[in-house]
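Just so it is clear, the model here is predicted, and its values are computed rather than measured.
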Amino acid sequence: MEIKLPETDLKSVQRLGSTELKDESGGHVGQYFFGKGQGRTVFLFGKYKGTFKTHAECQAFIDGVTAVIDDNRRSRSEATS
C-alpha cells in the first residue's frame, strides 16, 4: 500500500487546513491536518495518530504504518496457504 502526503508550505497557510488521504486505489485511509503554529497531524485508518513538525516526519510515519499493515497482511496470507 502506498500513501503519498501532499506537500504543504506552512509559511503560506493562514488557517487550519486539512486534506483527505487516499491509497493508490483512491480509497479513503485517513486525514491530514496542518496549520501555521499548529504543526501537522496525520490520522490513519481510524486508529493511528501522529503529530509532527515536518513533512518528512509525517511521510515516515505513514510509511511505517503502511509497512506494518502490509507485513501483517502478508503473514496472514502465508498462514492460510
* To do: Check whether any side-chain N or O of Glu24 sits under 3.5 Å from a backbone N or O of Glu2 as a donor-acceptor pair, and report yes or no.
  =>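 Here the side-chain-to-backbone pair exists.
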* Asked: CD of Glu20 to NE2 of His28: how many Å apart, nearest 0.5 Å?
  -> 5.0 Å
* Is there any side chain to side chain donor-acceptor pair (under 3.5 Å) pair reaching into residues 61-74, and which pairs are they, with sequence neighbours excluded? ->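 Non-adjacent pairs meeting side chain to side chain donor-acceptor pair (under 3.5 Å): Gln59-Asp63.
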State, yes or no, whether a side-chain contact exists between [X] and [Y] at a heavy-atom distance under 4.5 Å.
| X | Y | result |
| --- | --- | --- |
| Thr41 | Cys58 | no |
| Thr8 | His55 | no |
| Arg40 | Leu10 | yes |
| Lys49 | Thr51 | yes |
| Ser18 | Tyr32 | no |

Shared hydrophobic cluster for [X] and [Y] (ILVMFWY, side-chain gaps under 4.5 Å):
| X | Y | result |
| --- | --- | --- |
| Phe43 | Tyr48 | no |
| Ile62 | Phe45 | yes |
| Leu21 | Val68 | no |
| Ile3 | Val42 | yes |
| Phe33 | Val29 | no |

* **Contact list for residues 60-80, test ring-ring contact (aromatic ring centres under 6.0 Å, His included), sequence neighbours left out** => Phe52-Phe61
* **Where Phe34 and Leu16 come nearest, the two heavy atoms and their spacing** =>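 Smallest interatomic distance, heavy atoms only, reads O-CD1, 3.3 Å.
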